[in-house]
K.L.:
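If you scroll down you'll find the structure; I have some questions about it.
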There are 2 protein chains.
Amino acid sequence: MQAQPIPKAKPQDATQKVADALALAIHEHRLAPSTKLGEDEIGEIYNVSRTVVRAALQSLAHVQLVEIQRNKGAFVASPTPREAREVFEARALLEPRTARSAASRATPRDIEILKDHIAQEHLALDAGDNGRALNLSGRFHIEIARIADQDTISQFIETLIARSSLVIALYWRRESALCESHAHHALVQSIADGDEQNAEELMHSHLVDLNSALDLRDRPVQAQNLRELLQTRDQ
Amino acid sequence: MQAQPIPKAKPQDATQKVADALALAIHEHRLAPSTKLGEDEIGEIYNVSRTVVRAALQSLAHVQLVEIQRNKGAFVASPTPREAREVFEARALLEPRTARSAASRATPRDIEILKDHIAQEHLALDAGDNGRALNLSGRFHIEIARIADQDTISQFIETLIARSSLVIALYWRRESALCESHAHHALVQSIADGDEQNAEELMHSHLVDLNSALDLRDRPVQAQNLRELLQTRDQ
DNA sequence: TGCGGCTTAATTGTATACAATCTAGAATTC
DNA sequence: GAATTCTAGATTGTATACAATTAAGCCGCA
């Protein structure tokens, strides 16, 4: 009678699940930069051993969402102004060409997906869930990279967008994030039209616009527990 | 009397050492694509536990030097023709601009380092150590990225060059690798001269040239033990 | 009161042990 | 003789145990 007894405890990789959960929390700004990520603590939360937590943390360290200091532990990464600048420079280098490629390849189904993303983003904003809106906004860019059908570059873009989330958490100065919606909408339109040139230019100006909303002045690392800040001399 | 008693058994991360050793072996083509990398086996070689071997393998998997199949184990990655093409497309996108930037920033010391790289490469070639020569050739590109002083993009380039080594192992068709030397030499000259335009163009044509030396026709994965090949139906 | 060294607790790094899964070979059947 | 199922060995996934390092608190002392 028990065709499928129970949804199964571990259908897939436990490590991946923990890593995804942590990444989501970071993307949605529930975990602030410099937050300490203790192995035992996380292990208890997700009911897994330190072994898998460590693997997840190392995985996140590879995309620079967390920083691991030997014998000290893992912390949510806290990009310096310089790193922040570099992330957006790299995006400006990669994404416009990706948008162009997407415009040349997008299927009606792809356009649908993009529009759905925007709709969900609006929903999240209306619900006051800024974290979720920000995450969706990032995934919009990832979706475009996917459509462009260049896995290698897509991966790079994915990590850049992940890091962008941290940059925004630290250096965003504009109040409203709504401004993006217009840019995204126009971008979808040009991709739907197959207007490569326009898509490339819109993506470029969109990124310039995003960048201009950052205040990259050097600010002392605002650790959640101020201890480090107080006992750190240089850096 | 024992100011520094002994070189110290583990001055740094054991995981990193294992990962570096494996990466070097792959870069120098001592480990062919699709080679099985058993955890116990590697652990015995380097006298470390599976824990650190696993961490090293996962680290290498992140840069796609190895591929991990769940419950199956780790294998030296074997890029498909498509992946190979993408790797070089990405390099063509990133490296010319990086070379330009390097030309605008290089110090005399940097030039010295680059020339030293070329010299060492020649030495390795004369010694018949093609693996080492190839590795040095790759590190030459990494050095240029370092000079460009863009850490984020440099990291991307580093992984691309690592993967290039695998691509070359699988798809290289030209006999001599010497052709590169001229290109590298001219590149250094333009960087030393601060000729940004020239550096960018030289890097571009160099990559085009490299790409033209590949034969990306689909070839069935030549696993070292043919078993997989025989019992695999599709892909 | 403030600084410095020492002791202890907590946390991470590594190794080992156990459980789950896969691979290979042998026995069995057609 | 070929194919298939079953069993035994080997390999990976995860958890736990121990070692090493770091962080915190306490005491003493100037």
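Note on naming: letters A, B, ... go to the chains in the order of the sequence lines (proteins, then strands), and numbering restarts at 1 for each one.
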K.L.:
Check this one for me: any side-chain N or O of A:Ser49 less than 4.0 Å away from OP1 or OP2 of D:dA15?
P.N.:
yes

K.L.:
According to the salt bridge (charged side-chain N to carboxylate O under 4.0 Å, His left out) rule, which pairs have a member within residues 48-57 of chain A, sequence neighbours left out?
P.N.:
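Matches after skipping sequence neighbours: A:Glu39-A:Arg50, A:Glu39-A:Arg54.
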
K.L.:
Considering only residues two or more places apart or on different chains, which pairs with a residue in residues 129-145 of chain B satisfy salt bridge (charged side-chain N to carboxylate O under 4.0 Å, His left out)?
P.N.:
B:Glu143-B:Arg146

K.L.:
State which residues pass salt bridge (Lys or Arg N to Asp or Glu O under 4.0 Å) with A:Glu112; sequence neighbours excluded, sorted by chain then number.
P.N.:
A:Arg109

K.L.:
With sequence neighbours left out, write down each residue that passes salt bridge (Lys or Arg N to Asp or Glu O under 4.0 Å) with A:Arg105, or none if nothing qualifies.
P.N.:
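Not a single residue meets the salt bridge (Lys or Arg N to Asp or Glu O under 4.0 Å) criterion with A:Arg105.
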
K.L.:
When the distance from CG of B:Asn47 to C1' of C:dT16 is rounded to whole Å, what number comes out?
P.N.:
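Between C1' of C:dT16 and CG of B:Asn47: 15 Å.
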
K.L.:
Please write out the pairs of protein N or O atoms and N or O atoms of nucleotides 7-13 of chain D separated by less than 3.5 Å, giving the distance to one decimal.
P.N.:
unit_1 : atom_1 : unit_2  : atom_2 : d
D:dT12 : OP2    : B:Glu39 : N      : 3.3
D:dG13 : OP1    : B:Asn71 : N      : 3.2
D:dG13 : OP2    : B:Arg54 : NH1    : 2.2
D:dG13 : OP2    : B:Arg54 : NH2    : 2.9
D:dG13 : O3'    : B:Arg70 : NH2    : 3.4
D:dG13 : N7     : B:Arg50 : NH2    : 2.9
D:dG13 : O6     : B:Arg50 : NH1    : 3.2

K.L.:
Quick one: list whatever passes ring pair (Phe, Tyr, Trp, His ring centres under 6.0 Å) with A:Phe88, sequence neighbours left out.
P.N.:
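Per chain and number, A:Phe88 pairs via ring pair (Phe, Tyr, Trp, His ring centres under 6.0 Å) with no residue.
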
